[in-house]
Chemist: 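Supplied in structure tokens, the structure appears directly below.
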Amino acid sequence: MRVQSSATAPTGIAVPAPAKSFGTLQAALGVAAFSLTFPATAWGLEGFGPWSLVAVRSVLAALIAAGCLSALRVPIPSRRDRPGLAVVAVGVVVGFPLLTTLALQTSTTAHAAVVVGLLPLTTALLSALRMGTRPSRTFWTAALAGAAAVVAFTVQQSGGALTTADLYLFAALLVCAAGYTEGGRLARVMPGWQVIAWALVLCLPIGVPAAALALSYEPVHLTAHSVAGLLWVAAGSQFLGLVVWYRGMAAIGIPKASQLQLAQPLLTLVWSVLLLGEHLTVAAPLTAAAVLVCIAVTQRARG
């Protein structure tokens with residue numbers, strides 16, 4: 001018997017408390033993995049061009065996914081699920097990595113984190129439109145407050161000026177939210193890891209020639225940082241992180257899971273200090289406290 005999300009299923013089937021707790025833990029692990037994506041991408045850009053980095057990470061992640069699918073002899077998804085997988089592929093496998101990587105050529109990781117700060121609210125909105133979810137007013141109030149706190153913090157950090165990088169980031173926000181919404185829906189009818197695995201494999205026929213073409217035009221300078229960054233965005237962010245993330249969304253619902261991402265920009269800023277040497281202002285702990293309160297409220301709010 002499949003466990004349905006009380007936040008997404010119209011029938012309102014109750015989800016056991018242990019399943020919800022485990023789902024929250026998995027979604028949180030996904031957020032932790034994603035929080036390293038921007039710093040790892042910055043490392044990868046030290047040795048790879050933006051197009052090469054995105055194409056190679058996609059191919060590596062797809063090979064890992066294909067190996068898992070083959071080893072477990074997972075059947076090919078049904079025709080009705082393939083359009084949804086295509087949306088996941090375009091939004092999560094290709095769109096978000098490419099657009100954010102292009103943005104990070106001229107933007108700091110702290111500034112780019114504004115995308116992740118707005119992503120929970122955008123995902124919840126798309127979920128409501130796509131799946132008919134109706135979170136409570138308390139949920140929306142807390143979600144808006146958390147998003148506002150993150151946006152205020154990140155905009156203050158960057159000076160608030162809109163650049164070409166911002167356009168990439170806002171576009172990345174939309175395509176990623178669409179991929180999360182569709183992936184969360186599919187994770188209710190197939191294991192979460194298979195959702196991202198099949199989306200990655202779906203991109204493999206395009207990823208291989210794209211990687212070969214990009215590598216032939218963009219110079220590569222392998223360093224410890226660039227290799228480590230590439231491996232993390234491929235295995236950690238692109239595959240393992242999305243596996244636990246989609247499983248978490250299936251267990252606790254897309255709107256509630258998406259609000260856990262309110263903590264992601266702040267985690268990213270911490271990694272930016274530790275890995276990239278960026279500096280934080282005194283506003284960081286205050287924003288962190290406000291965001292944690294908002295997360296607690298959204299997790300308790302009834303849909």
Chemist: Got more than 12 heavy atoms from elsewhere within 6.0 Å of CZ, Arg247?
Modeler: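 No.
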
Chemist: In this structure, would Ile76 and Val74 fall into the same cluster of hydrophobic residues linked by side-chain contacts under 4.5 Å?
Modeler: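 Result: yes, single cluster for both.
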
Chemist: Taking side chain as C-beta onward, heavy atoms only, is Glu218 less than 4.5 Å from Trp51?
Modeler: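 Heavy-atom side-chain distance check passes, below 4.5 Å.
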
Chemist: Given the rule that I, L, V, M, F, W and Y join up when any side-chain heavy atoms are under 4.5 Å apart, are Leu230 and Val227 in one cluster?
Modeler: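 Yes.
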
Chemist: Taking side chain as C-beta onward, heavy atoms only, is Gln194 less than 4.5 Å from Cys68?
Modeler: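 A side-chain contact is absent here, since even the closest heavy-atom pair is not under 4.5 Å.
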
Chemist: For Thr138 and Thr141, does a side-chain donor sit closer than 3.5 Å to a side-chain acceptor?
Modeler: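 Short answer, no.
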
Chemist: Within a 6.0 Å radius of atom CG on Leu274, are there more than 12 heavy atoms belonging to other residues, nucleotides or ligands?
Modeler: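 Above 12, so yes.
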
Chemist: Nearest 0.5 angstrom please: Leu167 CG to Leu99 CG, how far?
Modeler: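 Between atom CG of Leu167 and atom CG of Leu99 there are 10.5 Å.
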
Chemist: With under 30° as parallel and over 60° as perpendicular, where do the rings of Tyr246 and Tyr180 fit, or are they tilted in between?
Modeler: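 Answer is perpendicular, since the angle exceeds 60°.
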
Chemist: For Thr101 and Pro97, indicate whether the former's side chain and the latter's backbone hold a donor-acceptor pair under 3.5 Å.
Modeler: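 Present.
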
Chemist: Indicate the atoms forming the closest heavy-atom contact of Gly146 with Val291, along with that distance.
Modeler: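 Here Gly146 and Val291 meet closest at O-CG2, 4.4 Å.
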
Chemist: Drop me the distance from Leu266's CG to Ser272's OG, to the nearest 0.5 angstrom.
Modeler: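 Atom-to-atom, Leu266:CG and Ser272:OG are 11.0 Å apart.
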
Chemist: Kindly indicate whether the side chain of Val220, heavy atoms from C-beta on, has any atom under 4.5 Å from the side chain of Leu222.
Modeler: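 Touching, per the 4.5 Å side-chain cut-off.
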
Chemist: Same cluster or not: Phe170 versus Leu104, using hydrophobic residues (I, L, V, M, F, W, Y) connected whenever any side-chain heavy atoms lie under 4.5 Å apart?
Modeler: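 Yes, it is one cluster - the side chains of Phe170 and Leu104 are joined through contacts under 4.5 Å.
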
Chemist: Minimum heavy-atom separation for Val150 and Pro265, please, with both atom names.
Modeler: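 Closest approach of Val150 to Pro265, heavy atoms only: CG1-CG, 3.6 Å.
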
Chemist: Val93 and side chain to side chain contact (heavy atoms under 4.5 Å, CB included): which partner among Leu98, Ile196, Val201, Val54?
Modeler: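 Output: one option passes, namely Ile196.
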
Chemist: Is there a side-chain contact (heavy atoms from CB on, under 4.5 Å) between Tyr168 and Thr100? Walk through the geometry before answering.
Modeler: CA-CA 7 Å; Tyr168 285 135; Thr100 54; over 6 Å; no

Chemist: If you count heavy atoms of other groups shown closer than 6.0 angstrom to CD1 of Ile206, is the number above 12?
Modeler: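 Counting neighbours around CD1 of Ile206, 12 or fewer heavy atoms of other residues, nucleotides or ligands fall under 6.0 Å, so no.
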
Chemist: With the side chain counted from C-beta on, respond yes when Val31 and Leu267 share a heavy-atom pair under 4.5 Å apart, and no when they do not.
Modeler: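 The answer is yes, as the side chains (C-beta and beyond) meet within the 4.5 Å cut-off.
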
Chemist: For Ala177 and Thr122, work out which heavy atoms get closest and say how close.
Modeler: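 Here Ala177 and Thr122 meet closest at CB-CG2, 3.6 Å.
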
Chemist: Determine whether Phe96 and Val233 fall in the same hydrophobic cluster, where Ile, Leu, Val, Met, Phe, Trp and Tyr are linked whenever their side-chain heavy atoms lie under 4.5 Å apart.
Modeler: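 Result: no, two separate clusters.
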
Chemist: Whether the side chain of Ser52 engages the backbone of Phe48 through a donor-acceptor N/O pair (distance < 3.5 Å, no angle test) should be reported.
Modeler: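 No, because the side chain of Ser52 does not come within donor-acceptor range (under 3.5 Å) of the backbone of Phe48.
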
Chemist: Atom CG in Leu186, atom OG1 in Thr181: separation rounded to 0.5 Å?
Modeler: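 Spacing of CG (Leu186) from OG1 (Thr181) equals 11.0 Å.
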
Chemist: More than 12 foreign heavy atoms under 6.0 Å from CH2 of Trp140: is that the case here?
Modeler: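 More than 12 within 6.0 Å, yes.
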
Chemist: Return the minimal non-hydrogen interatomic distance between Ala187 and Ala250, and the atom names on each side.
Modeler: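 That would be O-CB, 3.3 Å.
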
Chemist: How long is the span from the CG atom in Leu169 to the SG atom in Cys176, to the nearest 0.5 Å?
Modeler: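 Reported to 0.5 Å precision, the distance equals 12.0 Å.
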
Chemist: Does any N or O in the side chain of Ser70 come within less than 3.5 Å of the main-chain N or O of Gly67, such that one atom is a donor and the other an acceptor?
Modeler: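 Absent.
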
Chemist: Looking only at non-hydrogen atoms, find the nearest pair between Leu242 and Phe34 and report the distance.
Modeler: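 Leu242 and Phe34 have their closest heavy atoms at CD2-CZ, 3.5 Å.
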
Chemist: Examine Val243 and Leu72 and state if one hydrophobic cluster contains both, with Ile, Leu, Val, Met, Phe, Trp and Tyr joined whenever side-chain heavy atoms are less than 4.5 Å apart.
Modeler: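 Same cluster.
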
Chemist: Taking Arg82 for its side chain and Pro77 for its backbone only, find out whether a donor-acceptor pair lies under 3.5 Å.
Modeler: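 Here the side-chain-to-backbone pair exists.
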
Chemist: Looking at Thr287 and Phe153, would you say the former's side chain and the latter's main chain have a donor-acceptor pair under 3.5 Å?
Modeler: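 Absent.
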
Chemist: Distance from Leu69 atom CG to Leu200 atom CG, nearest 0.5 Å?
Modeler: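 It comes to 9.0 Å.
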
Chemist: Do you see a donor-acceptor pair shorter than 3.5 Å between the side chains of Glu46 and Ser226?
Modeler: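 Not at all, the side chains of Glu46 and Ser226 share no donor-acceptor pair under 3.5 Å.
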
Chemist: Closest heavy-atom contact between Ala27 and Ile252?
Modeler: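 Smallest interatomic distance, heavy atoms only, reads CB-CD1, 4.5 Å.
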
Chemist: Do Leu276 and Trp271 come within less than 4.5 Å of each other through their side chains, counting heavy atoms only?
Modeler: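 Counting from C-beta outward, Leu276 and Trp271 never come under 4.5 Å.
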
Chemist: Could you tell me whether the side chain of Thr123 and the main chain of Leu119 form a donor-acceptor pair under 3.5 Å?
Modeler: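 Here the side-chain-to-backbone pair exists.
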
Chemist: Could you give the distance from CG (Leu240) to CD1 (Ile64), rounded to the nearest 0.5 Å?
Modeler: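 The distance works out to 7.0 Å.
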
Chemist: Under the criterion side-chain contact (heavy atoms from CB on, under 4.5 Å), I'd like the reasoning laid out for Leu204 against Val59: C-alpha separation, chi angles, the key distance, then a yes or no.
Modeler: CA-CA 6 Å; Leu204 195 55; Val59 171; 4.3 Å; yes

Chemist: Are the side chains of Thr106 and Thr164 in touch, meaning some heavy atoms are under 4.5 Å apart?
Modeler: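 No, their side chains stay 4.5 Å or more apart.
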
Chemist: For Thr41 and Arg57: C-alpha separation, side-chain torsions, deciding distance, then whether side-chain contact (heavy atoms from CB on, under 4.5 Å) applies.
Modeler: CA-CA 10 Å; Thr41 299; Arg57 74 179 270 185; 4.3 Å; yes

